[in-house]
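Step one of this worksheet: look at the structure below.
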Amino acid sequence: MERNVLKALQLCPLFEGFAAKDIEQMMDSISYQLIRLDKKEVFLPAGTPCKFADIVISGEIIARMEGPSGKYMQITSRTTGWLLDSAFIFGKNITIPVNMVATKPTTILRMSPQSMQMLLNIDERFRFNFIQLLSGFCDNLARKVRMLTLHTVREKVAIFLLEQSKMKNTDDFLLQKSRQEIADSFAIQKFSLQRCLKEFAADGVIKLKGKQITILDKQKLMALAHDKEARAISARKKG
């Protein structure tokens, strides 16, 4: 097995708790293939039957939902070690609901459902990790639906900043995505995102310098995430 493939699989949640030699031994017992993608290449178009288990070895795959007008919304992104389509692998007559596109040169490890089932049968830890992954997928989906349908723009931006802070374990962080990519991820216009960030900066909630964000008032940002502060400010202005 190629060294970079083994390293990627060690990062995969499916193999959490496994030693490198155990992963290599398990993978040697099944068949799989490596698929190389160019930047901006569509890996799986929406409507494709879900017939394989795919793990990102290197690069990045984004999942985006596109409308008839060409407008799209980014649902999620997957980088090294992540399994694609985890919730659909063993479903009957299920098709991919989104377009999956490589944002950079990307390598995918592909297994058949039969190979995936063999791994599930080989080791109880692998099976438990897969169940946990499915649970996490359902939780993330519920959060995404709530974000897209029940929150205001200000709430969405505040929640996003708080999530970035938690993920990076610091209140001073660099945004990895462009403004357009961030706006697409929670279905708002780019100018709405920029305006909101500028308003937060003007109110002293954050410091904004290019892609560098510093959270200055976390309590206020948490209030904005629930729109309480936003409604209070609006009420004061009307008064």
List in chain and number order the residues that pass side chain to side chain donor-acceptor pair (under 3.5 Å) with [X], two or more places apart in sequence or in another chain; answer none if no residue qualifies.
X: Asn99; result: Glu66
X: Arg127; result: none
X: Asp217; result: none
X: Ser115; result: Ser112

Within residues 92-117 or reaching into it, pairs that qualify as ring-ring contact (aromatic ring centres under 6.0 Å, His included) - sequence neighbours excluded: none
[atom2] on [Y] to [atom1] on [X], rounded to 0.5 Å:
X: Arg78; Y: Ile55; atom1: CZ; atom2: CD1; result: 12.5 Å
X: Gln114; Y: Leu119; atom1: CD; atom2: CG; result: 12.0 Å
X: Phe90; Y: Gln117; atom1: CZ; atom2: CD; result: 5.5 Å
X: Tyr32; Y: Ile30; atom1: OH; atom2: CD1; result: 8.0 Å
X: Ile215; Y: Ser165; atom1: CD1; atom2: OG; result: 4.0 Å
X: Leu221; Y: Phe160; atom1: CG; atom2: CZ; result: 11.5 Å

What residues form a side chain to side chain contact (heavy atoms under 4.5 Å, CB included) with [X], not counting sequence neighbours?
X: Ile35; value: Gln33, Leu37, Phe43, Ile108, Arg110
X: Lys211; value: Leu174, Leu175, Arg179
X: Glu2; value: Asn4, Val5, Leu34, Arg36
X: Thr214; value: Asp172, Lys207, Leu216

Lys218 atom NZ: more than 12 heavy-atom contacts under 6.0 Å: yes
Residue Asn169 excluded, over 12 heavy atoms near CG under 6.0 Å: no
Would you give me the side-chain donor-acceptor pairs under 3.5 Å for residues 8-28, sequence neighbours excluded?
none

Positive for side-chain contact (heavy atoms from CB on, under 4.5 Å) with Asp54, one of Ile61, Leu44, Leu109: Leu44
Taking all non-hydrogen atoms of both residues into account, name the closest pair between [X] and [Y] and its distance.
X: Thr80; Y: Ile57; answer: CG2-O, 3.2 Å
X: Ile96; Y: Pro45; answer: CB-O, 4.2 Å
X: Ile122; Y: Ser29; answer: CD1-OG, 3.5 Å

Quick check: do [X] and [Y] have side-chain heavy atoms less than 4.5 Å from each other?
X: Ile213; Y: Gln164; result: no
X: Gln180; Y: Gln189; result: no
X: Leu133; Y: Trp82; result: yes

For Lys51, salt bridge (charged side-chain N to carboxylate O under 4.0 Å, His left out) partners two or more places apart: none
Residue list, salt bridge (charged side-chain N to carboxylate O under 4.0 Å, His left out) with Glu199, at least two apart or on another chain: Arg154
Test item: side-chain donor near acceptor, Thr103 and Glu60, under 3.5 Å: yes
Side-chain H-bond candidate by donor/acceptor type, Ser58 with Lys104, under 3.5 Å: no
Audit row: Phe173, Leu161, side-chain contact (heavy atoms from CB on, under 4.5 Å) steps and yes/no: CA-CA 10 Å; Phe173 52 87; Leu161 294 176; 4.3 Å; yes
Backbone N/O of Arg125 and side chain of Asp123: donor-acceptor pair under 3.5 Å: yes
